[in-house]
There are 2 protein chains.
Amino acid sequence: MAGDEVQSDFTLETLARESLGDTVYTRLAEALIKGRFAPDQRLTIRDLAQSLGTSVTPVRDAILRLIQDEGLVQRSAREVRVPIMTPARYREIRQIRLKLEGLAAREAALKATPADVARLAGLIASNEREIAGKNWFEALDLNQTFHFALAEIADMAVLRGILNRLWLQMGPLIAESYQAGGRLMIEHHYAVLRAVEARDPDAAEQAIVDDISEAGQIILDRLVARSAAA
Amino acid sequence: MAGDEVQSDFTLETLARESLGDTVYTRLAEALIKGRFAPDQRLTIRDLAQSLGTSVTPVRDAILRLIQDEGLVQRSAREVRVPIMTPARYREIRQIRLKLEGLAAREAALKATPADVARLAGLIASNEREIAGKNWFEALDLNQTFHFALAEIADMAVLRGILNRLWLQMGPLIAESYQAGGRLMIEHHYAVLRAVEARDPDAAEQAIVDDISEAGQIILDRLVARSAAA
DNA sequence: ATTTGCTGTTTGATGCATCATCTTTCTTAT
DNA sequence: ATAAGAAAGATGATGCATCAAACAGCAAAT
């Protein structure tokens, strides 16, 4: 039942064996962040299990974890849905991100190595290219990677975990609005890069605050408009 | 198997029916926060199921969720343990708490009703009494309730969820050190109360920052001492 | 005495049968 | 035609059998 590992004798057993449940979790989380599921969409364990070609158990495990992350919500005893973001909730998340990512940017500015700076620069350049090519999925992914990179450079694992969960919650919404932002979504990344390179924590915090505020405003405006319509 | 609900005909069907998995999760989370499990202690699903009188499934569900919260860690494929807090990790959590709870205190000061103020005052008074009586478990619990109350008054559900998880991670450590802090652990709560009552967000943030910094220092000192010894 | 190798045990992962509810659909009486 | 009610279907929760990997003893070899 479990094992049909076709492990070649040549591959090193380097990475920890990932359970099926982990795989499903990762795939569903990615789907959420990339906006593949619409807000309020209902998910059923059996259907997902069928799509993914597993039994219900790993899917159930993954969904339990996603509910714990608040990336999914349990409406009633037998209904799991993609959550609907409210303006109030989005404002709260934005407030929290301002504080947490501000802290991360500040620490990153203090700890960044030249290699870290180069990595950030590379992310911005790639993102610029994808936006120019209108490859919104890739651009969105690179934007997220940039924000996470600051937490990594700051060497703050707990903060990184919190950010991860927040992104999971914002995913369906952001994916929907990213295109509307266009280049504006990474405008402030250059300021972040300069501040980190200059080892200036105050400037780094301010730059990321500006980034989150401005990009967030576009998303919030769209969200408020839609909520008013409904 | 599922249903041996002995639901009296008189009880209102008000609260949502809680699954066995939820019950187990709540009980284990509480045990963690109250420091009933020692750091590095190994937990096995089967043993817990036996203790709790359920099958393995609800326990497995609860443990999956606790691992997601990082309230438990999975060392290897078949080993679940209570995490060991490192000084570096504790410092990071403290930094994060300073920002998040500072934000919560600020918002609470802006939004608090007289009833909210009374609730905070009551929590402090109760805590004072329990400390005087050396009822450390109760005092610890009231301390946590006070910190959570600020997030509730601020009406920040997301922040509250993040705090919850952080507390789960700090639980085993704090429970161990709370006694050492004594009255010092709630010294700054009075300043928080005054600031909230005066609707002064700056003062409220400063007071909670002082509280976390000072109380945290006692815990950190003990943690560093122990880490150095090992 | 220390290492090596075999064997039984422990343990989380996986699949699945079944249950209690909740929905949906169909029937039937007015 | 409408509404009350019954039957059928859908769905997450629960319990459990079984698997493969890890582990613990223990014996044999040097």
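Just so it is clear, the structure is predicted and the values come from calculations on it, not from any experiment.
Comparing G53(A) and S76(A) along DNA chain C, the residue whose closest nucleotide (by nearest heavy atom) sits nearer the 5' end is G53(A).
The nearest whole Å value for the distance from the CZ atom in R75(B) to the C1' atom in dG12(C) is 16 Å. The separation between L20(B) atom CG and dT18(C) atom C1' is 16 Å, rounded to whole Å. The OH atom of Y25(B) sits 19 Å away from the C1' atom of dA13(D) (whole-angstrom rounding).
By the 6.0 Å and 45° rule, R36(A) stacks over the aromatic ring of F137(A).
Distances shorter than 4.0 Å separate some side-chain N or O of S55(A) from OP1 or OP2 on dG15(C).
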message: I'd like to know whether R42(A) forms a salt bridge (Lys or Arg N to Asp or Glu O under 4.0 Å) with D47(A), so could you lay out the CA-CA distance, the side-chain angles of the two residues, the decisive distance to 0.1 Å, and finally the verdict.
response: CA-CA 11 Å; R42(A) 183 177 183 184; D47(A) 286 353; over 6 Å; no
Which protein N or O atoms sit under 3.5 Å from an N or O of nucleotides 10-12 of chain D?
| from | atom 1 | to | atom 2 | distance (Å) |
| --- | --- | --- | --- | --- |
| dG12(D) | OP1 | L43(A) | O | 3.4 |
| dG12(D) | OP2 | I45(A) | N | 3.1 |
| dG12(D) | O3' | A77(A) | O | 3.3 |
| dG12(D) | N7 | R46(A) | NH1 | 2.7 |
| dG12(D) | O6 | R46(A) | NH2 | 3.1 |

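Other residues, nucleotides and ligands contribute over 12 non-hydrogen atoms within 6.0 Å of the CD atom of Q41(B). With a 6.0 Å radius and a threshold of 12 heavy atoms from other residues, nucleotides or ligands, R27(A) has its CZ atom at or below the threshold.
Between the side chain of D116(A) and the backbone N or O of T113(A) there is at least one donor-acceptor pair closer than 3.5 Å. In this structure, K99(A) contributes its side chain and K99(B) its backbone to no donor-acceptor pair below 3.5 Å.
Among the heavy atoms of the strands lying under 4.0 Å from S19(A) are primed sugar atoms or P, OP1, OP2 only; no base atom is included.
Counting only heavy atoms from C-beta on, V56(A) has its side chain closest to dC16(C) among dC16(C), dC16(D), dA13(D).
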